[in-house]
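What follows is a short report on a single structure.
Remember, it's 1-based here, ligands and their atoms both numbered in the order they're listed.
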Amino acid sequence: MSAFIKTGVIGHPIHHSKSPLIHNHWIQQYGLSGSYEAIDIPPQDLKTALPELLKEKGYSGFNLTIPHKEIALDICDDIDDIGQKIGAVNTIKLLDDGRIFGTNTDAYGFMTNLSAHHDGLSYQGKNALILGAGGAAKAILWGLLDAGIGAIYLTNRTREKADMLSKLDPRIHVIDWDQRDQKNEIIDIVVNTTALGMDGQAALNFDVSALPSHALVSDIVYAPLMTGLLQAAHNRDLPIVTGIGMLLHQARPAFQHWYGILPDVTPELEGMVL
Ligand code: ATR
């Protein structure tokens, strides 16, 4: 009989998290022995609570969500290349030698979701527009840069944050938030990483009319699934990618780190989390 593997997600607040639904579904689907819980820990307690949960309470690993992804950098003994590049970790594993390993699966989640919906999508020589310069934007920037994107136009309400991120790579060009749709004629991929368009938030004001007819429009907001941005793109018959897939795909390599299986994203699972 295989050992029981305890895992979970740590955040503050955490009650809204869909991650327990996703991981417990996979534990059942693959007939594994384990559990995945949501644990609320305030940021000031993470440095003591996380090692204690791993080393004394028998947990094998965790996902970390807001506001813990950057704080955890100081807690990990070993952070892989992508975690270091993104400057945040969302997946933790206790190694056999007692060290705490950290990585970031958000870039994988975003990029895999795009290719799951648009097989053979190529990035060489393409121009992307990223709206927002927060934690999610940083992971997506790395995903696109790593895939060989030609140029990224980055725009953010607070321009300084975009200016900071643009130092990461000469392919990143910052444009003013007020000018966010002014480059649209040359844009191949649009990504909204801001909270705008989310239930309870203001709408994203973005004119899709000048985008080329092949431009792919994606949103990381998934509540609602059809955001105003996606609806406007759909009305123009532009290809779209909704935000729920990024959430599902970023969970897959985390699950693999703990349970040794890279699980599938099925329409059934997609239906469960919506
Ligand atoms: P996440 O981890 O989801 O990226 P975040 O790091 O808090 O969350 O980033 C939120 C992003 O949404 C930021 O780019 C933020 O812009 P600022 O840097 O100017 O705060 C953007 N955002 C949130 N509310 C916004 C609003 N009302 N108008 C424009 N941008 C907004």
Within-4.5 Å side-chain heavy-atom neighbours: Met164 and Lys167: yes
Amino acids contacting ligand 1, non-hydrogen cut-off under 4.0 Å: Gly132, Ala133, Gly134, Gly135, Ala136, Asn156, Arg157, Thr158, Lys161, Trp177, Thr194, Ala195, Leu196
Ile172 side chain near Leu141 side chain, heavy-atom distance below 4.5 Å: yes
Sequence neighbours excluded, every pair satisfying side-chain hydrogen bond (donor to acceptor under 3.5 Å, both in side chains) that has a member inside residues 61-74: His23-Asn63, Tyr36-Asn63, Asn63-Thr91, Lys69-Asp106
Side chains of Leu32 and Ile5 in contact at under 4.5 Å (non-hydrogen atoms): no
Close side-chain approach of Lys55 and Leu94, heavy atoms under 4.5 Å: yes
Heavy-atom check, side chain of Phe255 versus side chain of Ile27, under 4.5 Å: yes
